[in-house]
Number of protein chains: 2
Amino acid sequence: MAGRGTTQQRDEEPSGGGLPPTAWAVLGLLSFPGERTGYELKKWADASLRFFYWSPAISQIYAELRRLEALGYATSRRSGPEEPRAKRSYAITEEGRAALASWAGSGQDAGPPVLKHPLLLRVWLGHLTAPGHLRELVAEHIARTRGELKEVRDALARAGEAREAWSHPEVALRWSERRLESEVELAEAMLDDLERLGRTGPQPPGQRVADSPT
Amino acid sequence: MAGRGTTQQRDEEPSGGGLPPTAWAVLGLLSFPGERTGYELKKWADASLRFFYWSPAISQIYAELRRLEALGYATSRRSGPEEPRAKRSYAITEEGRAALASWAGSGQDAGPPVLKHPLLLRVWLGHLTAPGHLRELVAEHIARTRGELKEVRDALARAGEAREAWSHPEVALRWSERRLESEVELAEAMLDDLERLGRTGPQPPGQRVADSPT
DNA sequence: AATCCCATGTAAAACGTTACATGATTCT
DNA sequence: AGAATCATGTAACGTTTTACATGGGATT
């Protein structure tokens with residue numbers, strides 16, 4: 001009969017108005033004092049949002065901005081009045097602020113974090129790889145993470161001059177800093193695990209998984 | 001008009017064969033001894049892959065399996081020979097194993113991990129929320145994470161009886177265990193930050209956003 | 001007998017990225 | 001003058017989810 005099982009409950013309203021998280025994230029960027037262009041938003045997302053909630057492609061930011069404006073959650077104005085591709089600055093409206101507040105304040109759970117870690121995918125498949133190569137990948141990952149850590153610390157330093165409205169973003173950045181520190185430690189511990197594994201079960205010739213043909 | 005523009009450079013081969021990571025993840029599930037159905041794959045992904053690399057929807061798993069079979073990377077057979085929707089079990093082929101090994105061993109970098117953390121998104125927007133609500137969300141997150149931690153530890157216990165081919169998945173699970181422990185600590189530290197923030201900058205009357213009805 | 005879990009799939013829609021196109025302004 | 005960066009947008013494509021459809025087997 002009807003969908004899953006039989007009952008088919010309406011799946012309790014996506015809540016908050018049904019917009020995807022990305023739309024709320026973009027509206028959130030707009031919720032801080034000042035107006036800004038899509039381009040500026042993208043740079044800001046790269047420098048902060050990205051550490052705890054990924055940075056959408058620039059084309060998607062423009063698309064979300066248009067949608068937010070159509071919904072009345074944002075307004076835009078041009079710098080040079082008439083030109084077709086002139087700079088366009090967006091600002092949040094009172095309606096937008098209310099909608100965002102209701103989204104942030106309502107849905108009690110927010111859902112679990114989603115992590116896509118390509119390195120772990122490779123480690124998980126380690127039985128198909130040369131052990132040395134794996135450890136190399138982990139080392140590269142540690143180096144990259146240290147670089148990101150530096151970026152976050154720079155952002156945090158710049159946030160020192162922050163006022164009122166910026167204290168929560170600062171909490172988020174502090175969380176990101178600790179998160180990256182832990183990411184480094186995690187990778188180092190995994191490196192140890194991989195080395196131990198290389199010593200205990202030295203399967204250079206074995207690879208018995210691979211040699212059963214058909 | 002052969003499509004996009006004029007220059008049309010070929011974008012240096014997506015490498016490894018051009019399949020999306022999801023396809024490799026599904027093939028990876030198949031790369032461990034034994035054959036299994038899409039349904040079983042989904043359950044397994046929920047129980048382990050999900051902790052470091054998200055679990056695709058069941059419909060996508062079926063789609064990927066068909067694609068892998070079309071590519072010759074997997075074969076399938078039915079249990080009850082003739083029925084149209086009978087159970088179908090998949091197994092990796094030698095070609096599939098070779099392709100997977102080459103994917104895992106080639107692309108040097110693997111790309112940075114992507115984290116989408118809805119809770120942090122809300123904390124970041126904390127200036128729009130009642131402080132108590134925020135702390136409640138964090139507390140719920142801690143509780144859920146502890147639950148996941150228990151799941152991983154169970155999986156790890158079950159993996160105790162593991163042989164050869166399962167040692168790398170075990171490393172990945174151990175990483176996940178530590179990751180979740182750290183997630184709890186991170187959330188607890190953030191809770192402290194939020195409380196400190198409530199004491200230092202007590203903006204109770206501000207909140208102009210929340211009490212406009214409509 | 002009804003209900004749940006197993007099991008497989010299709011169709012449509014939403015989401016998101018890449019590539020392309022275009023032009024202004026700023027740096028060298 | 002040429003290059004880089006600012007700035008906005010469209011088109012096409014691939015991915016991924018949701019909802020729907022269907023039915024067998026086991027449990028209560």
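Just so we're on the same page: letters track the sequence lines, and every chain starts at 1. Source: prediction; values computed, not measured.
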For [Y], is there an ion pair with [X] - N to carboxylate O distance below 4.0 angstrom?
X      : Y      : answer
A:R144 : A:E140 : no
A:R178 : B:E188 : no
B:D154 : B:K150 : yes

Worksheet item: Does any donor atom in the side chain of B:T145 or B:E183 lie under 3.5 Å from an acceptor atom in the other side chain?
Response: no
Separation of atom [atom1] in [X] from atom [atom2] in [N], rounded to whole Å:
X     : N      : atom1 : atom2 : result
B:E64 : D:dT16 : CD    : P     : 7 Å
A:K43 : D:dT8  : NZ    : C1'   : 14 Å
B:I61 : C:dC6  : CD1   : P     : 14 Å
B:I58 : C:dA11 : CD1   : P     : 18 Å
B:R77 : C:dA7  : CZ    : C1'   : 15 Å
B:W24 : D:dT15 : CH2   : C1'   : 17 Å
B:R88 : C:dA7  : CZ    : C1'   : 12 Å
A:W54 : C:dG16 : CH2   : C1'   : 8 Å

Worksheet item: How about A:F32 and A:W44: are their ring centres within less than 6.0 Å of each other?
Response: yes
Give a yes/no answer on whether the side chain of [X] brings an N or O atom under 4.0 Å of OP1 or OP2 in [N].
X      : N      : result
B:R36  : C:dA7  : no
A:Y62  : D:dT8  : yes
B:Q60  : D:dT17 : yes
A:R67  : C:dG16 : no
A:Y39  : D:dC6  : yes
B:K116 : C:dG16 : yes

Item to complete: Kindly say whether, by distance alone, the side chain of B:S59 makes a donor-acceptor pair under 3.5 Å with the base of D:dT18?
Response: yes
